[in-house]
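I have placed the structure first, in the form of structure tokens, so that the comments after it can refer back to it.
Predicted model, so just to flag it, every value in this text is computed and none were measured. Sequence lines set the chain letters: A, B, ... in the order given, protein chains first and strands last, and positions in each chain run from 1.
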2 protein chains.
Amino acid sequence: MGRKLDTERGCIYSLKRISRFIEPSLLLFLSREPGHGYELLEKVRSLGFDEDQVDVGGVYRTLRRMEREGLVRSRWERVGGRRRRVYLITEKGKGALEEWVQRIEERRRALGRFLKVYYRRRR
Amino acid sequence: MGRKLDTERGCIYSLKRISRFIEPSLLLFLSREPGHGYELLEKVRSLGFDEDQVDVGGVYRTLRRMEREGLVRSRWERVGGRRRRVYLITEKGKGALEEWVQRIEERRRALGRFLKVYYRRRR
DNA sequence: TCACACATATGTTTTTTACATATATACTAT
DNA sequence: ATAGTATATATGTAAAAAACATATGTGTGA
């Protein structure tokens, strides 16, 4: 999106994402069961972090990066002639998820503090 | 920081910030009362979004950008010989804050969904 | 006068995001 | 048949944001 495009779109304010959620979300779903990119994309979208759509390219790119870093492994699968790269979480990936969860709980509390300050006077 | 530096530091996992909180936090505090950068820096830090310290440069840069965008205005003040650039929120800035609050509430709910999925099976 | 807190700011590099584009197969309606 | 849509996996690139370093100057207290 970006400020430039916001203006082009005619939006008054340009609010961007408060992000970095693709990696933890992918690890989360992969910690439950193996999955492929397209499927994981839908699951990540279901969390609703993004008012728009989650970037498809971002999901695939993040999966490949996580594989390079040893957080996940992958293998090709063929389901009815359709090829899929199915990802599995590694032990290292599980450790990373645990850390993400701590981080996310912290972040959620911080957002709570933000809102507490916001609503302190009004309403 | 970044992945490279994480490795250099000897960290096992490289978790980065889930960010974009400086702008909304500055608007939040300025919606309560005018303030200058150094003071606002401390207030933003008090929200605890960041496990580390909030970037000083980021705060000042964001304030200047917001002024260019008309979200805040500023004037120099002299307090005991010490010069400060005091910022005030504008009507446009208040509008932007309202939108940020919506966004932040959404985001908080999304984090809640994330954690709900995480804790669904374990514990 | 030395250190430290207060105060503001910019330069630069790296990382992340956003958006566009490319490719290929399977299925579904016309 | 074939055109369109859903499934599926990527990469290229530009813009934005973040991280980190550095520069500068004043006030205050030891």
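Between the CZ atom of B:Arg65 and the C1' atom of D:dA16 there is a distance of 10 Å, given to the nearest Å. Atom CD in B:Glu67 sits about 12 Å away from atom P in C:dT10, given to the nearest Å. Between B:Leu63 atom CG and C:dT10 atom C1' there is a gap of 15 Å when expressed in whole angstrom units. The separation between A:Ile22 atom CD1 and C:dT17 atom P is 7 Å, rounded to whole Å.
Taking the side chain to side chain contact (heavy atoms under 4.5 Å, CB included) definition, one finds that A:Arg84 meets it with A:His36, A:Val79, A:Val86, sequence neighbours left out. Among residues two or more places apart in sequence or in another chain, the salt bridge (charged side-chain N to carboxylate O under 4.0 Å, His left out) test is passed with A:Arg75 by A:Glu77.
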Task: Summary of protein contacts for nucleotides 3-13 of chain D, nucleotide by nucleotide, where a base hit scores B, a sugar-phosphate-only hit scores S (4.0 Å, heavy atoms) - done: ---BBBBBBBB

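Without hydrogens or angle criteria, B:Thr90 side chain to B:Gly70 main chain gives a donor-acceptor distance under 3.5 Å. Under the 3.5 Å distance criterion, the side-chain polar atoms of A:Glu67 are matched with a main-chain donor or acceptor of A:Ser74.
B:Arg103 has its side chain out of reach of B:Arg108: every pair of non-hydrogen atoms, C-beta onward, lies at least 4.5 Å apart.
With B:Leu40 as reference, B:Leu63 is the one residue of B:Ile22, B:Leu63, B:Val54 to meet the side-chain contact (heavy atoms from CB on, under 4.5 Å) rule.
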